[in-house]
Amino acid sequence: MMILGKLPPFFLSCLVLTIIFIVFILCSPNPFNPISKSGLHQTLALPNSTSHGDDDDEILKCDLFKGEWVPDLQGSLYTNWSCSTIPTSKNCFHHGRKDTEFLKWRWRPHQCQLPRFDPKTFLEFVQGKKLGFIGDSVARNHMDSLLCLLSMIETPVDHYKDSEDRQRVWYFPGHDFTLMILWTKFLVDGEERVINGSSSGIFDLHLHKIDKKWTTDLPVLDYIIISDAHWFFRTIYLHNDTGVVGCVYCDHPNVTDFGVGFALRMAFRSALNHINRCRECKARVTLVRTFSPAHFENGAWDTGGRCNRTSPLSEREIKLTSNEWELRSLQMEEIEKANIEGNKKGTKFAALDVTRAMLMRPDGHPGEFWGNKWMNGYNDCVHWCLPGPIDAWNDFLFEVLRRKVT
């Protein structure tokens, strides 16, 4: 104190300012990154901690799927450089996408904080288990997202790939964990009609028969994530054990067009009934991922439709009366029916209800940045960029699994 007392006032002031500046540098997470008032508010409202702590009761009672997208300075946990397993068609930055703002949003439920996905904790949670995604290419999209996140902790072994790269199996030896995709167009048995030796784009769907492409491996799974929808938007003839009972987009005078919703409902009902009645199956939990909306604007996929937005929509800008919401609602109804039967047998069903959140994310699709040389000029507004908004599905996945298993 005697030394400080002998310093001239000017030098004393400089010393104090220097000390304050050093403390600011050491304590600030990023002192030179400007943060708006709203951004600061959202950052403080979204802690990085993945532990539940005293918030367990709050989050267990919270509806995870009603909320909004808020700014998130941390952004994605991985990049297209750090994850080597991203399929080229989902590697949007590789194909020229320049904007990155779509990565800087995080889903926040209205009533609680949704923990950020922690790959280390997740691998510990699923140690010794097998988790399978059942569905189409959007189900594969989700699996690839989860694979990128888990690969941050352990490099998986590429255990199996079929000739079409549709069925995939990855193994994490350090955790004895198996991750797989069981690819299926319709969940039930479907065949494309061949006319004059060429594919017609017309399908016959047998609602009473399950697609064996996924049922064969079903007994080995501990956790199931099942989804489907986008293949139903085409001409389909619906069959039961007596023959044709209806159609979708068939324009046939003697056949009733029941629409996409009916066909999707019946396919899910058959699939969930099969899981419920599978005697050799050991699945502890089955999650149904609800409809993932496409965002074609100014046209359909084959008439110039695009999806070139760069930021999310607000909750006020989406329509919960849309066809997408109708498909989501019927899936929720089938989950409830499956649960009634499952409760008698000890099987659990729950929803990964992503529809509302993803209706707000027209900015997350590959669009023109998907690199398909066979479909040059067409936009992919169905699947999701990796990294991208689809990574939030894993926040939902871990929390719903935690609720159902514990």
Side-chain angles (χ1 to χ4, degrees), residues 48-51 72 74-95 97 100 103 106 115-135 137-183 214 217 220-225 227 283-285 287 289 352 364 366 369-371 383-402 405:
N48 287 335
S49 173
T50 57
S51 62
D72 177 36
Q74 179 170 335
S76 175
L77 297 180
Y78 67 94
T79 71
N80 67 318
W81 289 103
S82 67
C83 182
S84 61
T85 58
I86 298 177
T88 183
S89 60
K90 313 305 181 296
N91 194 341
C92 303
F93 295 119
H94 175 75
H95 294 293
R97 182 164 184 171
T100 60
L103 299 178
R106 177 163 160 73
R116 192 183 300 272
F117 185 84
D118 182 345
K120 182 177 183 295
T121 306
F122 184 87
L123 281 172
E124 292 170 354
F125 182 88
V126 295
Q127 178 124 12
K129 305 298 183 182
K130 293 179 173 65
L131 184 152
F133 288 87
I134 299 169
S137 55
V138 182
R140 168 67 183 271
N141 202 176
H142 187 186
M143 188 208 72
D144 286 324
S145 166
L146 180 59
L147 184 64
C148 281
L149 289 164
L150 299 182
S151 298
M152 298 169 59
I153 303 301
E154 180 183 353
T155 301
V157 175
D158 189 351
H159 185 70
Y160 173 77
K161 177 174 72 172
D162 69 3
S163 60
E164 297 179 290
D165 192 20
R166 286 181 168 175
Q167 308 285 95
R168 294 298 299 265
V169 179
W170 298 87
Y171 181 61
F172 293 79
H175 295 82
D176 188 24
F177 171 61
T178 301
L179 178 66
M180 66 179 72
I181 173 72
L182 304 176
W183 201 92
W214 66 270
D217 292 313
V220 306
L221 297 179
D222 296 285
Y223 305 116
I224 299 168
I225 298 94
S227 59
R284 304 173 67 188
V285 178
L287 305 182
R289 195 261 299 151
L352 284 184
F369 305 108
W370 65 310
H383 302 95
W384 304 92
C385 291
L386 294 176
I390 193 174
D391 296 322
W393 296 7
N394 299 303
D395 296 346
F396 294 140
L397 170 62
F398 195 8
E399 184 55 39
V400 175
L401 276 180
R402 192 182 77 93
V405 173

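Everything numeric here is computed off the predicted structure, so don't read it as measured data. Excluded from the calculations below are hydrogen atoms, water molecules and symmetry mates; all remaining heavy atoms, backbone and side chain alike, are included.
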Which of these passes side-chain hydrogen bond (donor to acceptor under 3.5 Å, both in side chains) with His175: Lys120, Lys129, Glu154?
Glu154
Consider side-chain contact (heavy atoms from CB on, under 4.5 Å). Of Tyr78, Trp393, Trp384, which one does Ser145 pass it with?
Tyr78
Counting C-beta onward and ignoring hydrogens, is there a side-chain heavy-atom pair between Asn141 and Leu386 closer than 4.5 Å?
yes
Cut-off 3.5 Å, side chains only: do Asp158 and Tyr171 have a donor facing an acceptor?
no
Answer yes or no: is there a side-chain heavy-atom contact under 4.5 Å between Phe177 and Leu123?
yes
Closest contact, heavy atoms only, Ala283 versus Ile224:
CB-CD1, 3.6 Å
So does Thr79 get a backbone contact from the side chain of Ser76, meaning a donor-acceptor N/O pair under 3.5 Å?
no
Identify, with sequence neighbours excluded, every residue that meets salt bridge (Lys or Arg N to Asp or Glu O under 4.0 Å) alongside Asp165.
Arg140, Arg168
Check step by step if side chain to side chain contact (heavy atoms under 4.5 Å, CB included) holds for Ile153 and Phe172.
CA-CA 10 Å; Ile153 303 301; Phe172 293 79; over 6 Å; no
Separation between OG of Ser227 and CZ of Phe133, rounded to the nearest 0.5 Å:
8.5 Å
For residues 143-170, the ring pair (Phe, Tyr, Trp, His ring centres under 6.0 Å) pairs (sequence neighbours left out) are none
Roughly how far, to the nearest 0.5 Å, is SG of Cys148 from CG of Leu77?
11.0 Å
Applying side chain to side chain contact (heavy atoms under 4.5 Å, CB included), run through Ile181 and Gln167 and close with a yes or a no.
CA-CA 6 Å; Ile181 173 72; Gln167 308 285 95; 5.6 Å; no
Would Ser89 and His95 count as having a side-chain donor-acceptor pair, cut-off 3.5 Å?
no
Tightest non-hydrogen contact, residues Trp214 and Leu182, listed as O-CD1, 3.6 Å
Are any non-hydrogen side-chain atoms of Pro156 and Leu150 less than 4.5 angstrom apart?
no
Donor-acceptor pair, side chain of Asp144 and main chain of Ile86, under 3.5 angstrom:
no
To the closest 0.5 Å, what do you measure between CG (Asn394) and CG (Leu146)?
4.5 Å
Pairwise salt bridge (charged side-chain N to carboxylate O under 4.0 Å, His left out) hits with a residue in residues 79-88, at least two apart:
none
Any side-chain heavy-atom pair from Trp183 and Asp162 closer than 4.5 angstrom?
no
Side-chain contact, heavy-atom cut-off 4.5 Å: Leu131 with Phe122?
yes
When you compare the side chain of Asp395 with that of Pro115, does any pair of heavy atoms fall below 4.5 Å?
no
With rounding to the nearest 0.5 angstrom, report the CE to CD1 distance, Met143 to Ile225.
11.0 Å
Determine whether Leu397 and Tyr223 satisfy the following criterion, side chain to side chain contact (heavy atoms under 4.5 Å, CB included), listing intermediate values before the conclusion.
CA-CA 11 Å; Leu397 170 62; Tyr223 305 116; over 6 Å; no
Return yes if a side-chain donor-acceptor contact under 3.5 Å exists between His94 and Thr88, otherwise no.
no
Please find the pair of heavy atoms, one from Arg97 and one from Gly364, that lie closest to each other, and give the distance.
NH1-C, 4.4 Å
Between Gly75 and Arg116, which heavy-atom pair has the shortest distance, and what is it?
O-NH1, 4.1 Å
Side chain to side chain contact (heavy atoms under 4.5 Å, CB included) for Ser82 and Met152? Distances and angles first, verdict last.
CA-CA 8 Å; Ser82 67; Met152 298 169 59; 5.7 Å; no
Using a strict threshold of under 4.0 Å (side-chain N to carboxylate O), is an ion pair present between Asp217 and Lys130?
no
